[in-house]
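Below is one structure, written out as structure tokens; comments come after it.
Letters go in sequence order (proteins before strands), and every chain restarts at 1.
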Amino acid sequence: MSEHISITLNGAPTTLEAGTTGTALFADSASTVVMRVDGELWDLARQIPADAEVQPVSISEPEGLDVLRHSTAHVMAQAVQQLFPDAKLGIGPYITDGFYFDFDVESPFTPDDLKKIEKAMQKIINQNQTFEREVVDLQEATRQMADEPYKLELLGHGQGADSMAEGAGVEVGGDVITVYHNVDRTGERVWSDLCRGPHLPNAKLITNAFAVMRAAGAYWRGQESNPQLQRLYGTAWPTKDDLKAYKERLAEAERRDHRRLGKELDLFSFPEEVGSGLSVWHPKGAVVRGEMEQHARRRHLEAGYSYVYTPHISKSDLFATSGHLGTYAEDMWPPIHMDEERDEQGQVTKQGQDYYLKPMNCPMHILIYAERGRSYRELPMRLAENGTVYRNERSGTLHGLTRVRGFTQDDAHLFVREDQLEEEITKVVDFVLSLLRDFGLEDFELELSLRDEQQEKWIGSEQYWESATQALRNVAVASGLKYTEIPGEAAFYGPKIDLKITDAIGRKWQLSTVQVDPNLPERFDLEYTAADGSRQRPIMIHRALFGSIERFAAILVEHYAGAFPAWLAPVQVRGIPVAEPFNDYLAEVIEKLKRRGVRAELEDGTDRFPKKIRTASKEKIPFVLIAGGDDAESDAVSFRFRDGSQENQVPVDEAVERIVRTIEDREV
RNA sequence: GCCCCAAUAGCUCAGUGGUAGAGCGCAGUCUUGGUAAGACUGAGGUCCCGGGAUCGAUUCCCGGUUGGGGCUCCA
């Protein structure tokens, strides 16, 4: 005699016997790993309540993958504590493409340990362990976690428990406290963790499509003042093929890595003698960079920007006025102390001065504005500079060209009247997008950093915030791009819009930033004379487009995997004669191209023909021109393109035109 | 800055308590006839730097430099 309840299953009303679990309901769907009950993810083993709205969640959909990875993290932690009984548990959430788990252990994990852990995990998985959910009260949770100091802290015991670390939400954070037990075939609880869940019904769903990827240090709760734990990163996928595809994706990213390609293609380097995070650009890299700069420069001039040049170094007063020495000092290089004189006793007879390398260009541009009185007729005034700045980045943060200690910003500062703000912001964002598209980037996302409700944090008038925010929002909407608003992320003086791009293999990069700033004009007491003769204060817009030219070049290297479009390619054309007798014939063709401004060269070395083809191919040269008997007879050349395709006996003049046109049109 | 790992020829990397190797690249010679590696010969090394224990260190230990993976931070 059983009671029935009605529920909504996948949107359709249906009835069930009371007490039915998800396991029973979805018994014939092997890929279902959890269920969504009234919008929340539940373990299948839970009983479905009356009137619930229920949907199955498959292992291969995003939320199912999260669960798979979270459960794999539990299995890993179980394996670690099996092998290292003294290891204390930190947190173990799922992340993009995988998961991690933090441990407090005596000594860090070795590569050998990782293999052992993986093995132990496989053993556990093969045992068909299940995950059991237990709802407990604080007291019971405390009792069960008595040996886990970090878990106790999450439960609110100990210090610092009030500030929740990111990721801690997977441990606690629901309405109730739950502990998950790993239960073996005999029904015995073999491992437990404080955890919100949900989990897979059975560990065997992990199959063998998982891997422990690497070990790294990580601070407890992400705070430097906290103890450093050992973090193990892992990944898990529904099938072995998915895991293979993931590893292939990583391998592809490695092949495209700008540090690797930068060396292989002889673009740039970081000489140890120069110093950490400081790049030098070799001839080929300088071509790519130079083309980028040249093109951007032309576009800027067309858009009404004026280029300026400013020094790399300045007396401290400038950065005191700008406020950088107050708020940004930690990121600045230590000062150079100049001009101090002392007498024989070592007493200072002439006071010295501190000079700083500039961490930003804005103060310099402001000085240009402030050099003389300005009229409202001069605004907007758009000052642009490829300005090299130096920042004292912490050594551990440096990374290839993307995070360095000296880099060149394609920086611009726009001085505008308040009534011009909205229009100018619109123009700037449109300009940024249009220029980035010239470089073959298409996949953009915008991020609006706005103020929040805490009024006292923000300076400036209501009207100013209103119009600046509205301008940014309008332009975001009009762009048709995906955008998110982040309240509270604005600088204290103004909102900003950041632009992120996704490259050819799906990685996201933060590039351009447009920031509204009435604060620096205030600090430097900037003015212009308005139409009515009154003195007014301009508003500044900071804008970097590539962000850092070096970093942007690196992004392009990775985006194109080193195979630059012809207009950016260090070598655009290589002529390869089929055999030596055709050297002179081909040399003439190359000469014609050079006269048209094409970066073309003749390969007249002693390698044999196929070897020369291979070499050109490895250098990713866009056009290989080949000439042999058939070509010479008909006053033609043959194309070999980067993809291996070819086109034979193209008349020389046509070939030249085609190459020149491809470069001019910035085609691939 | 903190934790871990690494550093050997121009590059990628083997290797060793008794001062060192491969492939590619480079140079030379002989070659060169149609789309990803012709053959041979050769040059090239302060085994990152400094200190220590050792009869002896590129190898072991300590410190530093640079790079890498993370944490944190960010263009």
Side-chain angles (χ1 to χ4, degrees), chain A residues 100 102 105 107-111 113 165-166 213-233 254 257 259-260 263-264 266 269-278 328 330-331 359-361 389 391-411 498-499 509-513 542 544-552 554-555 576-583 604-619 624-632 638-642 644-649:
Chain A
Y100 66 79
D102 290 341
V105 280
S107 50
F109 298 109
T110 65
D113 291 338
E166 200 181 340
M213 304 295 283
R214 57 173 169 267
Y219 300 106
W220 168 238
R221 296 181 158 212
Q223 305 249 326
E224 280 178 78
S225 50
N226 285 342
Q228 187 141 28
L229 307 180
Q230 292 303 314
R231 175 170 298 178
L232 289 179
Y233 283 92
E254 205 177 310
D257 192 310
R259 294 167 298 184
R260 178 197 183 100
K263 192 168 270 178
E264 275 175 21
D266 197 14
S269 61
F270 294 87
E272 206 177 311
E273 295 84 341
V274 176
S276 205
L278 299 167
Y328 205 76
E330 276 203 358
D331 297 296
M360 295 189 187
N361 300 302
V389 296
R391 299 184 183 176
N392 185 18
E393 300 292 343
R394 299 164 87 188
S395 60
T397 64
L398 301 174
H399 180 90
L401 281 176
T402 62
R403 194 72 190 282
V404 292
R405 286 193 172 143
F407 63 99
T408 307
Q409 289 183 314
D410 63 326
D411 213 353
D498 288 326
L499 188 138
W509 301 88
Q510 144 102 48
L511 287 179
S512 322
T513 171
H542 303 252
L545 196 155
F546 298 146
S548 139
I549 292 178
E550 290 85 348
R551 175 212 265 219
F552 190 73
I555 291 169
I576 302 181
V578 166
E580 215 218 317
F582 307 102
N583 282 5
D604 57 359
T606 63
D607 283 334
R608 290 174 73 237
F609 180 70
K611 178 59 184 283
K612 291 179 177 179
I613 295 287
R614 177 182 152 90
T615 305
S617 171
K618 287 192 78 165
E619 288 176 41
V624 172
L625 288 188
I626 292 162
D630 300 343
D631 302 290
S638 295
F639 277 95
R640 184 183 200 276
F641 302 100
R642 239 174 340 208
S645 66
Q646 44 189 303
E647 205 175 323
N648 294 333
Q649 280 94 60

Point to revise | side-chain contact (heavy atoms from CB on, under 4.5 Å) against A/Arg260, all qualifying residues, sequence neighbours excluded | key: A/Glu254, A/Asp257, A/Glu264
Check your understanding: When the distance from CZ of A/Arg394 to P of B/rC2 is rounded to whole Å, what number comes out?
Key -> 9 Å
Point to revise | Same-atom distance (C1') from B/rG52 to B/rC13, integer angstrom | key: 30 Å
Check your understanding: With both distances kept under 3.5 Å, what pairs with B/rC26, Watson-Crick or G-U wobble?
Key -> B/rG42
Check your understanding: Distance between the P atoms of B/rG18 and B/rC61, in whole angstroms?
Key -> 16 Å
Exercise for review: Please state whether the phosphate of B/rA75, meaning OP1 or OP2, lies under 4.0 angstrom from any side-chain nitrogen or oxygen of A/Tyr328.
Suggested key: no
Review point. Would you say the side chain of A/Tyr219 and the base of B/rC2 hold a donor-acceptor pair, judged only by whether the two atoms sit under 3.5 Å apart?
Key: yes
Check your understanding: Distance-only, no hydrogens or angles: does the A/Gln230 side chain make a donor-acceptor pair with backbone N or O of A/Ser107 under 3.5 Å?
Key -> no
Point to revise | Residue pair A/Leu278 / A/Phe270, side-chain heavy-atom distance below 4.5 Å | key: no
**Study point:** Rounded interatomic separation in angstrom, taking OH from A/Tyr100 and C1' from B/rC4
**Key:** 18 Å
Exercise for review: Check salt bridge (Lys or Arg N to Asp or Glu O under 4.0 Å) between A/Glu224 and all other residues, then give those that pass, not counting sequence neighbours.
Suggested key: A/Arg394
Exercise for review: Could you check how far CH2 of A/Trp220 sits from C1' of B/rG70, rounded to whole Å?
Suggested key: 17 Å
Check your understanding: If we take the P atom in both B/rG67 and B/rU12, what is their distance in whole Å?
Key -> 15 Å
Practice item. For A/Gly547, answer base if it contacts any base atom (sugar-phosphate contacts may also be present), sugar-phosphate if it contacts only those atoms, and nothing otherwise; contact means non-hydrogen atoms under 4.0 Å. Key: sugar-phosphate
Point to revise | Euclidean distance, atom CG of residue A/Leu499 to atom P of B/rC74 [Å, nearest integer] | key: 19 Å
Review point. How does each nucleotide of nucleotides 29-37 of chain B score, in 5' to 3' order, for protein heavy atoms under 4.0 Å: base (B), sugar-phosphate only (S), or none (-)?
Key: --BBBBBBB
**Study point:** Sequence-distant partners of A/Glu272, side-chain hydrogen bond (donor to acceptor under 3.5 Å, both in side chains), two or more places apart
**Key:** none
Exercise for review: May I ask you to test the A/Asp631-A/Gln649 pair for a side-chain heavy-atom distance under 4.5 Å?
Suggested key: yes
Practice item. For A/Tyr100 and A/Leu232, run side-chain contact (heavy atoms from CB on, under 4.5 Å): C-alpha distance rounded to whole Å, both residues' side-chain angles, the deciding distance at 0.1 Å, then the answer. Key: CA-CA 5 Å; A/Tyr100 66 79; A/Leu232 289 179; over 6 Å; no
Study note, to complete from the structure: Rounded to whole Å, CD of A/Gln223 lies from P of B/rG70 at a distance of 21 Å
Exercise for review: Determine which nucleotide pairs with B/rA6, using a 3.5 Å limit on both distances of a Watson-Crick or G-U wobble pair.
Suggested key: B/rU66
Check your understanding: What is the nucleic acid contact for A/Val404, judged by heavy atoms within less than 4.0 Å: base, sugar-phosphate only, or nothing?
Key -> base
Check your understanding: Considering only the C1' atoms, how many Å lie between B/rA27 and B/rA9, rounded to the nearest integer?
Key -> 15 Å
Review point. At under 4.0 Å between heavy atoms, what does A/Gln510 touch on the DNA or RNA strands: base, sugar-phosphate, or nothing?
Key: sugar-phosphate
Check your understanding: Say you pick atom C1' in B/rU8 and the same atom in B/rC4; how far apart are they, in whole Å?
Key -> 22 Å
Review point. Atom CG of A/Asn392 and atom P of B/rA75: how far apart are they, to the nearest Å?
Key: 16 Å
Review point. Which residue, A/Ala218 or A/Phe407, contacts RNA chain B at a nucleotide closer to its 5' end, judged by nearest heavy atom?
Key: A/Ala218
Practice item. Only counting residues at least two apart or in another chain, list the ones meeting side-chain hydrogen bond (donor to acceptor under 3.5 Å, both in side chains) with A/Asn583. Key: none
Review point. Which value, in whole Å, describes the distance between the P atoms of nucleotides B/rA43 and B/rG38?
Key: 24 Å
Exercise for review: Select from A/Lys263 and A/Thr402 the residue whose nearest nucleotide in RNA chain B is closer to the 5' end of that strand.
Suggested key: A/Lys263
Point to revise | Pairwise side-chain contact, A/Arg391 with A/Met360, heavy-atom cut-off 4.5 Å (strictly under) | key: yes
Review point. What interatomic distance, in whole Å, is found between P of B/rA22 and the corresponding atom of B/rG69?
Key: 31 Å
Check your understanding: Does B/rG70 have OP1 or OP2 sitting under 4.0 Å from an N or O in the side chain of A/Arg214?
Key -> yes
Check your understanding: If you measure from CD on A/Gln228 to CG on A/Asn226, what distance do you get to the nearest 0.5 Å?
Key -> 10.5 Å
Revision key, fill the gap. When rounded to whole Å, the CG to C1' distance for the pair A/Leu401 and B/rC74 reads 16 Å
Review point. Donor-acceptor pair, A/Ser638 side chain versus A/Asn648 backbone, under 3.5 Å?
Key: no
Practice item. Please determine, for B/rG1, whether a Watson-Crick or G-U wobble partner exists with both distances under 3.5 Å, and give it or none. Key: B/rC71
Check your understanding: Who is the Watson-Crick or G-U wobble partner of B/rG21, with both distances under 3.5 Å?
Key -> B/rC13
Practice item. Using modelled atom types only, decide if a donor and an acceptor are shared between the side chain of A/Arg405 and the backbone of A/Glu393 within a distance under 3.5 Å. Key: yes
Check your understanding: B/rC40 and B/rU32: how far apart are their C1' atoms, nearest whole angstrom?
Key -> 16 Å
Could you list the protein-to-nucleotides 61-68 of chain B atom pairs, N/O on both sides, closer than 3.5 Å?
from   : atom 1 : to       : atom 2 : distance (Å)
B/rG67 : OP1    : A/Ser276 : OG     : 3.4
B/rG67 : OP2    : A/Ser276 : OG     : 2.7
B/rG68 : OP1    : A/Arg259 : NH1    : 3.2
B/rG68 : O3'    : A/Arg259 : NH1    : 3.4

**Study point:** Under 3.5 Å on both distances, the Watson-Crick or G-U partner of B/rC60
**Key:** B/rG52
Check your understanding: What is the distance, rounded to the nearest whole Å, between atom CD of A/Gln230 and atom C1' of B/rG70?
Key -> 10 Å
